Asks: 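Sharing a structure, written as structure tokens. Questions coming.
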Amino acid sequence: MATKTIQKTAIVCSRIPKTGYMTIGKNSSGTNQNAQVTFPPLDIYSAIIDEVRLNMPWNNSSANEGFQASTTHQATVNGYVYSYPISGSSGTATVVLWGGWSNTQAFVVDLRGQSSNANSASKGYSQSPYIVVTYTPYTEPTAPTGLSASPNAFEGALRLSWTRGSNGTNNPITSQDVRYQTSDDGVNWSAEVSVNVTASATFYDIPGATVQGWSRGKFVRFRVGSISQYTAPVYSGYSSSVRKNRAPHAPTGTPTTNKSVYAPGETISIAFTPPSPRDPDSGLSGDISGYEAKMQDIDGNDYNDGQIVGTNASPSATAVNVPTTGFTPGLQWRFLIRAYDSYGIRSDWSAPTEPVMIGTPLKVNISGALKTVAEQQVLVNGVLKQVSDIKILVDGQLRNLTN
């Protein structure tokens, strides 16, 4: 609560029988002598006015007198609905005035005396009447708190969230101002984009077209202001920045296969070295979630327009398996690996493996059963070796016997 005193040092009234004094009462004929005091504007904008009190320092000429008051802002204008009896030779009369006080206009108090003797003259003198206003001043609302943006990293959508601020005293939040900005390096920020939302809002979704138009790796941060009628917007600090999803890194080095010749129906296991760091957004929502393989002929042409021939949906994978069911014997293929993240964004392809052969295995009759030659073992320098591991010199180059 606060108070404001409007002191009248120069009284303006219709009758001034004594310099610096206001006379109210009745003349010798018993006719009321009224006085009028004009007070300046209250100048208490938007405050909750709890009480307006008129104080009359009083010098009484006769006992059992008093005065009545009304204001031009009352429904009962000039109704003199407030009264205060005076007794004794002096004192201070106080009347509590109520009504639709205007903060921007002067207001007028009409006064008249009253006496117990309607036929006799009576009057009193009041020097420097004044108004005391008790009011609750407005306060500014508080700023929003708990700012966060999600997800991080984001891909095609981004939600800005916060906890709404509290209303000010007699000054509620009427709307909120969301301001976001972007950066390529997290240091130098663009001009703010301002969006007005309702007073009750606790989040704002940046339009998908806007998000999708940002380049990968773009930083975003925001702040929110509480807007009210009587004070300037009160803003939060900036949120922590979040970043648009970036493409994963590709596997490093050259992937390898577990052997070089496969019969149709066998599974080719392609081992690779995961990237390090695994992903520009490692540990965030845009982290690597798996790997996939494609194959090319020995001239570097993609099989079936780059068809994916194998997948391992594990973020910690180090190999991708490719079944060869339906592969045509006699052809050679190279395999490439790439990573993909939780949003389906793909890395570049790795280097290709060495060529592998899809062939029909040579079989021989051993002890009445047909056996694949590559699966058999022969004694080489006193050591048993599989035929598929033996190399021979062909045109000056060592080649596997089963190639």
Side-chain angles (χ1 to χ4, degrees), residues 1-2 44-50 135-248 279-289 315 341-345:
M1 302 282 262
I44 307 171
Y45 295 95
S46 79
I48 301 173
I49 297 177
D50 301 294
Y135 66 98
T136 302
Y138 63 80
T139 60
E140 65 183 14
T142 61
T145 58
L147 278 64
S148 65
S150 62
N152 184 28
F154 62 91
E155 179 61 32
L158 181 60
R159 170 165 289 189
L160 314 179
S161 303
W162 62 91
T163 299
R164 181 185 179 277
S166 299
N167 291 328
T169 301
N170 199 35
N171 189 31
I173 295 171
T174 55
S175 63
Q176 298 175 95
D177 182 29
V178 181
R179 292 175 172 259
Y180 65 85
Q181 54 186 173
T182 61
S183 171
D184 292 323
D185 57 9
V187 176
N188 300 294
W189 293 90
S190 69
E192 291 178 318
V193 176
S194 175
V195 181
N196 189 268
V197 298
T198 65
S200 60
T202 56
F203 68 87
Y204 172 69
D205 293 325
I206 297 178
T210 299
V211 174
Q212 292 160 19
W214 289 333
S215 59
R216 297 205 172 279
K218 185 78 75 176
F219 291 91
V220 181
R221 69 178 185 180
F222 75 103
R223 61 181 179 138
V224 184
S226 298
I227 299 176
S228 61
Q229 183 175 356
Y230 299 111
T231 60
V234 183
Y235 285 93
S236 67
Y238 280 107
S239 68
S240 298
S241 63
V242 295
R243 201 169 191 184
K244 187 169 182 180
N245 180 41
R246 292 165 287 174
D279 187 289
D281 300 313
S282 292
L284 303 178
S285 57
D287 202 355
I288 288 175
S289 59
D341 66 19
S342 56
Y343 293 114
I345 304 303

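Because the structure is a prediction, the values reported are computed rather than measured.
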Asks: Take I227 and N196, measure what side chain to side chain contact (heavy atoms under 4.5 Å, CB included) needs, and give me the verdict at the end.
Replies: CA-CA 10 Å; I227 299 176; N196 189 268; 3.7 Å; yes
Asks: Closest approach of P280 and P248, non-hydrogen atoms and distance?
Replies: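 Closest approach of P280 to P248, heavy atoms only: CD-CA, 4.0 Å.
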Asks: Side chain of S342, backbone of S289: donor and acceptor closer than 3.5 Å?
Replies: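 Answer holds: no.
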Asks: Under 4.5 Å between any side-chain heavy atoms of T142 and S226, yes or no?
Replies: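 When only atoms from C-beta onward are counted, S226 and T142 do not touch, as no gap falls below 4.5 Å.
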Asks: E140: which residues meet the side-chain contact (heavy atoms from CB on, under 4.5 Å) condition with it, sequence neighbours left out?
Replies: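 Applying side-chain contact (heavy atoms from CB on, under 4.5 Å) to E140 gives T231, V234.
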Asks: Can you measure from CZ (R246) to OG (S215) and round to the nearest 0.5 angstrom?
Replies: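 Reported to 0.5 Å precision, the distance equals 11.0 Å.
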Asks: Which atoms form the tightest heavy-atom contact between S282 and D279, and what is the distance?
Replies: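 Scanning both residues, the minimum pair turns out to be OG-O, 2.8 Å.
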Asks: Closest approach of P151 and S285, non-hydrogen atoms and distance?
Replies: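 Looking at all heavy atoms of both residues, the shortest contact is CB-OG, 3.8 Å.
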Asks: Checking side chain to side chain contact (heavy atoms under 4.5 Å, CB included) for the pair D184/K218: CA distance, chi angles, key distance, verdict?
Replies: CA-CA 5 Å; D184 292 323; K218 185 78 75 176; 2.7 Å; yes
Asks: Looking at side-chain heavy atoms only, is the closest gap between W162 and F222 below 4.5 Å?
Replies: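 In contact.
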Asks: Kindly indicate whether the side chain of V224, heavy atoms from C-beta on, has any atom under 4.5 Å from the side chain of L160.
Replies: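 They are not in side-chain contact.
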Asks: Could you measure the distance from the OG1 atom of T174 to the OH atom of Y230? Nearest 0.5 Å is fine.
Replies: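 Reported value, rounded in 0.5 Å steps: 10.5 Å.
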Asks: Decide yes or no on side chain to side chain contact (heavy atoms under 4.5 Å, CB included) for D281 and D341, but give the supporting numbers first.
Replies: CA-CA 9 Å; D281 300 313; D341 66 19; 5.8 Å; no
Asks: Measure the shortest side-chain to side-chain distance between Y180 and L158 over non-hydrogen atoms and say whether it is less than 4.5 angstrom.
Replies: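 Heavy-atom side-chain distance check fails, nothing below 4.5 Å.
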Asks: Please check this pair: side chain of E192 against backbone of Q181, looking for a donor-acceptor N/O pair closer than 3.5 Å.
Replies: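 The answer is no, because no donor-acceptor pair under 3.5 Å joins these two groups.
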Asks: Return yes if some donor-acceptor pair links the side-chain N/O of Q176 with the main-chain N/O of T198 below 3.5 Å, else return no.
Replies: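 At least one qualifying donor-acceptor pair exists.
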Asks: So, does S183 use its side chain to make a donor-acceptor pair with the main chain of N188 at under 3.5 Å?
Replies: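 At least one qualifying donor-acceptor pair exists.
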Asks: With sequence neighbours excluded, tell me which residues meet side-chain contact (heavy atoms from CB on, under 4.5 Å) with F203.
Replies: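 Applying side-chain contact (heavy atoms from CB on, under 4.5 Å) to F203 gives R159, S161, D205.
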Asks: Could you state the interatomic distance from CZ (R179) to OH (Y204), rounded to the nearest 0.5 Å?
Replies: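 One finds 13.0 Å between CZ of R179 and OH of Y204.
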Asks: Which pair of heavy atoms, one from G186 and one from F219, lies closest together, and at what distance?
Replies: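 For G186 versus F219, the nearest heavy atoms are N-CD1, 3.3 Å.
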Asks: As an exercise, state the distance from CG of N171 to CD of Q229, rounded to the nearest 0.5 Å.
Replies: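 Rounded to the nearest 0.5 Å, the CG-CD separation comes out at 7.5 Å.
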Asks: Taking the side chain as every heavy atom from C-beta outward, state whether T182 and V220 have any atom pair closer than 4.5 Å.
Replies: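 T182 vs V220: side chains touch.
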Asks: Can you give me the closest heavy-atom contact between L147 and R223, atom names plus distance?
Replies: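 The pair with the smallest heavy-atom distance is CD2-CA, 3.7 Å.
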Asks: How close do P233 and Y235 get, heavy atom to heavy atom, and via which atoms?
Replies: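 Between these two residues, the closest heavy atoms are CB-CE1, 3.6 Å.
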Asks: List the steps, then state whether side chain to side chain contact (heavy atoms under 4.5 Å, CB included) holds for I206 with W214.
Replies: CA-CA 12 Å; I206 297 178; W214 289 333; 3.9 Å; yes
Asks: Decide, yes or no, whether a salt bridge links R216 with E155 under the criterion of side-chain N to carboxylate O below 4.0 Å.
Replies: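 Looking at R216 and E155, the cut-off is met.
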